[in-house]
Amino acid sequence: MAMEKTFDAGTREPLIYTKWEEAGAFKAGANAKAGAETFTIMLPPPNVTGFLHVGHAFNHTLMDILIRWKRMQGFDTLWQPGLDHAGIATQLVVEKQLAELGQKRSDYSREDFIAKIWEWKAVSGGTIQEQDKRIGAGMDWDRSAFTMDENFHDAVIKVFVDMYNKGFIYRGKRLVNWDPHFETAISDLEVENIETDGHMWHFKYPLANGATYEYVEKDEDGVETLRETRNYIAIATTRPETMLGDGAVAVHPTDERYAPIVGMLCEIPVGPKAQRRLIPIITDEYPDKTFGSGAVKITGAHDFNDYQVAKRSNIPMYNLMDTKAAMRADGRPYVEEAATAQAIANGEQTFDEAMIAAMNMVPDEYRGMDRFDARKAVIDAITAEGLAVMHDVTRTEKDEDGNTVEITETVPYVESKKIMQPFGDRSKVVIEPMLTDQWYVDTAQIVEPALDAVRSGRTKIMPESGEKVYFHWLENIEPWCISRQLWWGHQIPVWYAPVIEDGVIITGKYEMFCAATEEEAVEKARIFYGEKANVINGQGKRFEDQEHTLASFIDALKNSMRHGDGPIQVRLYRDDDVLDTWFSSGLWPFGTLGWPNDTPELAKYFPGDVLITGQDILFFWVARMMMMSQAVMDKDPFHTVYLHQLMRDAKGEKMSKTRGNVIDPLVMVDEYGADALRFTMGQMAALGGVLKISEDRIKGYRNFGTKLWNAFSFAEHYEIPNAGTHALPKAENTLNKWIIGETAKVREVVDAALETYRFNDAANALYAFTWGKVCDWYVEFSKPILQGEDASAKLETEATLRWVLDQALIMLHPIMPFITEELWGQADNRANLLVTQEWPTFTAADLVDADADREMNWVINLIESVRSARAQSHVPAGAKVPLVVMGLDAKGQSAWDNNSALIMRLARIETLEHVEAFPKGCVTIPMEGGTFGLPLEGLIDVKEEIARLEKTMQKLGKELGGLRGRLNNPNFVASAPEEVITEARENLALREEEEAQLKAAIARLAELG
RNA sequence: GGGUGAUUAGCUCAGUUGGUAGAGCGCUUCCUUUACACGGAAGAUGUCGGGAGUUCGAGCCUCUCAUCACCCA
């Protein structure tokens, strides 16, 4: 059956993939040699909601190349697949679906909503795994893990409990990044800071009791530039709505302008006149004297910098907003709250965290307003009261008569400026710093082993620049907020219960019991309370309170669960929050292998080898896996981290739906086949390189596949037997020796490249070998032999060609698995599928024949030179011409004799004649060992030919100049290494010979002209 | 503001301990010669961002400036 004209990727690829799966080729340990070392790659689990985008395609292709290569080498390989439950992203998908039905999450109970997500997962989750098969990714699918699987859940809970018991995890009230859309805390890494157009308003905070002071400004030289009596301190802010929660005004301790009023009270210029709050003017290092007025309002509960200042000076932090970032509407009337706050500010009343948290400092008129509406309302109220800082603005206008007039107005001083605003990376809404109770990993306690892994070289990050970034981040690591106010995820295994003192439940406090199960928590509680209380097992039921908040739980317990004079009835209340998705994916390297159970896979495949992932999740995931692995397993999870950049379009822009520049890998697979896409990915993967993908490239590598295809089509055309086992032929023929040597060379290059993760070098070497060596030269050279009469040479060449083509298939397979498997399968009888074929180990030292190498390069050089001379002399491509040679030495003669058939065929030469002198009008071709010439009198343009030779001379002259300059420089000869000098001398001799030949040729032509 | 990286042919990019610049695509000319027009042959194109330094020698090392990108504040 004749081969098709090209490889039909569309129909053949899925069939080939099925064959691999049926053969179990991707299973852990497939093709492993007895006692082989393991080679493990953990797939960075895509979101369960995910679709295969071009970034996955790249990432997964690199892993597949490595795994296929190692598998063929006989390693015991595992490529562990799986999916991440992706808390927010997944909840969002299902909420969107409900929205289409006109429903929302709160229409369901927590259990029912989670059941909905599981339903969704069963139907639509993990589409990406099927898509992965399209690009040929060979993972052990039967082992596919999910971060919400039962076993994985056990692992997560166990780690939490262990870390809690070791004191690595704690609960605390901190300022967190709050996402008002999803109504949850998020980590620093989930916040994107984007520069946006903002405004800075300037307001006056009047001093208490009508106090005044001399406000003096001086320039750099200490010369007074402004002096006035003021009864206020000016504040600049981009967030006026948070003024309601101010606890102080801070100035720098060295700021002389405000020195007279430090320690005084000033008034927040907003809210009902009768209850204006007075706050202290304090000093702190934080304010920048040169920025704004130099005075900063301190709103500890709504700004990260202010939070630090407030903590330092024990300034109360009033939380102004609810979970949707609307102004709070709970608590006591403003009049009462303000009175309490004033007592605190006056130092007349002590306060604690819980008390401050309960206070609502939003005046009644703003309660319930959206934060941005509240901002407008506050600005308007202050401006109306005349407490905005004003300035004069002059503009020019034409009056009725067309004359230009200047109009000066006094208007509120509002600066328009770019501000960095935090946005949620998922929700795209403005993040609100919020003071809430959250769970934290005390990363400072577990970071050291992860740092040490890289410092000591146990774990290598590639490219090396990644290590610097890694150190910088980990050395300055912040506590990791791991609680999320979501439903989809691993619920925190902590149960709360009331604090009981003297037989009374204390409001605002709680006991915590951390345990793997509710039963264990109850048991712990029983032991803890002893006689003090009677702990009831709630059996998973949550306390019957609509709000489900801890505070209301304890209040309700206090009010309703007391039974006469007997022991207090205590029921446990489980924390509602779930864990950050990255907490569970941090356990991926061992959770997927069955930990905490002691499985054979865990023993065998952990720790793994290489992690290949995007640079963007170095902190999110890589660093956390390294910390968690050490904290839980006392081992590094892998020895190498390969980081790559984000995939961009051909122009280097980020791909986005709105830009419309998204390249869909599956569309590319449909159009050009998976191999073309994969080769493009491999070829692009230079360490640290920017990844720009274009369809043209993919097309180019599709053509490469066709070229390979046609090499086989050639072999078939010449009816070269293809038995299935092709042993390394014992070659006598120079040509065959040469290509065998080239094959060995490329094998070494490919292995060396893949060992060091230089996928691009491997791909390029294979491309150059297959196309540039095998197809361009070897196949052409073999034609005269295959068509010739020498039966033994023919047999040897046939065997060599088959062997070389097989080696090309083997070595190309990791990058282009489909077409190579297809071509492999065309042999009569193969013992293996290519996917489990043994990888070669032959070396250049064994197989390169230096003489054959030199001879074939000489032949190629001669053919190229003749072709070049012909083209420049406009000899018709089809015409056969005679060749003459002068002073051919023994080596040259032998090279010619061995290869005259090839040369004459490929250079279209009729005859070779030895001459004493070149005829007139002869084109000169200088070669090592003799000068060749094309007698083209009448055909060549003498002037043109002289110009051509002179151009060559010029190039040569440059080279000669450089070489002579170096060799004549005594410093070079004295200090350069011996081999460099020798090389230069040899080079010079060769060039000088060539120069002499060219000079002679030009002289001859000049006679003619 | 801090950090990291980039700047090499028209485009996209390689260039591994410093030894005198490469690939793919594109472009120009010629060729349908029985593996392949998703092809073959030939060809053109570089002050390696600017400047300075170290060195016998710098695309590569050092400093500096410029521009761009990304990350973190």
So which protein N/O to nucleotides 54-59 of chain B N/O distances come out below 3.5 Å?
residue: C56(B); atom: O2'; partner: Asn969(A); partner atom: ND2; Å: 2.7

Rounded distance in Å between the P positions of C65(B) and G1(B):
13 Å
Under a 3.5 Å cutoff, is there a donor and acceptor pairing between the side chains of Arg239(A) and Thr237(A)?
no
Would you say the ring centroid of Tyr672(A) lies under 6.0 angstrom from that of Tyr701(A)?
no
Without hydrogens or angle criteria, can the side chains of His644(A) and Asn59(A) be said to hold a donor-acceptor pair below 3.5 Å?
yes
Taking CH2 from Trp473(A) and P from U4(B), how many angstroms apart are they, rounded to a whole number?
18 Å
Give the stems involving RNA chain B, where a stem is 3 or more consecutive Watson-Crick or G-U wobble pairs (i with j, i+1 with j-1, and so on) under 3.5 Å.
B:1-7 with B:66-72, B:10-13 with B:22-25, B:27-31 with B:39-43, B:49-53 with B:61-65
Salt bridge check: are Glu986(A) and Arg991(A) linked by an N-O gap of less than 4.0 Å?
no
Between the protein and nucleotides 35-40 of chain B, list the N/O to N/O atom pairs that are separated by less than 3.5 angstrom.
residue: A35(B); atom: OP1; partner: Lys783(A); partner atom: NZ; Å: 3.1
residue: A35(B); atom: O2'; partner: Asn710(A); partner atom: OD1; Å: 3.2
residue: A35(B); atom: O2'; partner: Ser713(A); partner atom: OG; Å: 3.3
residue: A35(B); atom: N6; partner: Cys775(A); partner atom: O; Å: 3.1
residue: A35(B); atom: N6; partner: Glu780(A); partner atom: OE2; Å: 3.4
residue: A35(B); atom: N3; partner: Asn710(A); partner atom: O; Å: 2.9
residue: C36(B); atom: O4'; partner: Asn710(A); partner atom: OD1; Å: 3.1
residue: C36(B); atom: O4'; partner: Asn710(A); partner atom: ND2; Å: 3.4
residue: C36(B); atom: O2'; partner: Asn710(A); partner atom: ND2; Å: 3.0
residue: C36(B); atom: O2; partner: Lys707(A); partner atom: NZ; Å: 2.7
residue: C36(B); atom: N3; partner: Lys707(A); partner atom: NZ; Å: 2.9
residue: A37(B); atom: OP1; partner: Lys5(A); partner atom: NZ; Å: 3.2
residue: C38(B); atom: O4'; partner: Asn703(A); partner atom: OD1; Å: 3.0
residue: C38(B); atom: O2; partner: Arg702(A); partner atom: NE; Å: 2.8
residue: C38(B); atom: O2; partner: Asn703(A); partner atom: OD1; Å: 3.2
residue: C38(B); atom: O2; partner: Thr706(A); partner atom: OG1; Å: 2.5
residue: G39(B); atom: OP1; partner: Asn703(A); partner atom: ND2; Å: 3.3
residue: G39(B); atom: O3'; partner: Lys707(A); partner atom: NZ; Å: 3.1
residue: G40(B); atom: OP1; partner: Lys707(A); partner atom: NZ; Å: 3.0
residue: G40(B); atom: OP1; partner: Trp771(A); partner atom: NE1; Å: 2.5

Gln787(A) atom CD: more than 12 heavy-atom contacts under 6.0 Å:
yes
Atom P, compared across G18(B) and G24(B): separation rounded to whole Å
28 Å
Roughly how many Å apart are G26(B) and C11(B), using the C1' atom of each and rounding to a whole number?
7 Å
Test Arg802(A) against Gln807(A) for side chain to side chain donor-acceptor pair (under 3.5 Å), laying out the working first.
CA-CA 9 Å; Arg802(A) 277 299 179 197; Gln807(A) 301 313 311; over 6 Å; no
Once you round it to whole Å, what is the distance between P of G24(B) and CD of Gln683(A)?
10 Å
Does Tyr642(A) have its ring centroid less than 6.0 Å away from the ring centroid of Phe759(A)?
yes
Results of ring pair (Phe, Tyr, Trp, His ring centres under 6.0 Å) for Tyr718(A) - residues two or more places apart only:
Phe714(A)
Identify all side-chain donor-acceptor contacts of residues 302-309 of chain A below 3.5 Å with residues at least two apart in sequence or on another chain.
residue: His302(A); atom: ND1; partner: Glu432(A); partner atom: OE2; Å: 3.1
residue: His302(A); atom: ND1; partner: Pro433(A); partner atom: O; Å: 3.2
residue: His302(A); atom: NE2; partner: Asn319(A); partner atom: OD1; Å: 3.3
residue: His302(A); atom: NE2; partner: Leu320(A); partner atom: N; Å: 3.0
residue: Asp303(A); atom: OD1; partner: Asn305(A); partner atom: N; Å: 2.8
residue: Asp303(A); atom: OD1; partner: Asp306(A); partner atom: N; Å: 3.0
residue: Asn305(A); atom: ND2; partner: Tyr286(A); partner atom: OH; Å: 3.4
residue: Asp306(A); atom: OD2; partner: Thr299(A); partner atom: N; Å: 2.9

Residues of residues 747-760 of chain A with a heavy atom under 4.0 Å from any atom of RNA chain B, listed by number, are Arg758(A), Asn760(A)
Do NZ/NE/NH1/NH2 and the carboxylate oxygens of Lys783(A) and Glu780(A) come within less than 4.0 Å?
yes
Any luck finding a side-chain donor-acceptor pair between Asn736(A) and Thr797(A) under 3.5 Å?
yes
Could you measure between the two C1' atoms, the one in G50(B) and the one in U8(B), and give it in whole Å?
15 Å
Please report the distance separating the C1' of A58(B) from the corresponding atom of G2(B), rounded so that it comes out in whole Å.
31 Å
Per Glu864(A) side chain, nearest of listed nucleotides A14(B), G24(B), A42(B)
A42(B)
Does a side chain donor of either Asp8(A) or Thr11(A) reach within less than 3.5 Å of an acceptor in the other side chain?
yes
Side-chain donor-acceptor pair under 3.5 Å between Trp480(A) and Asp580(A), yes or no?
yes
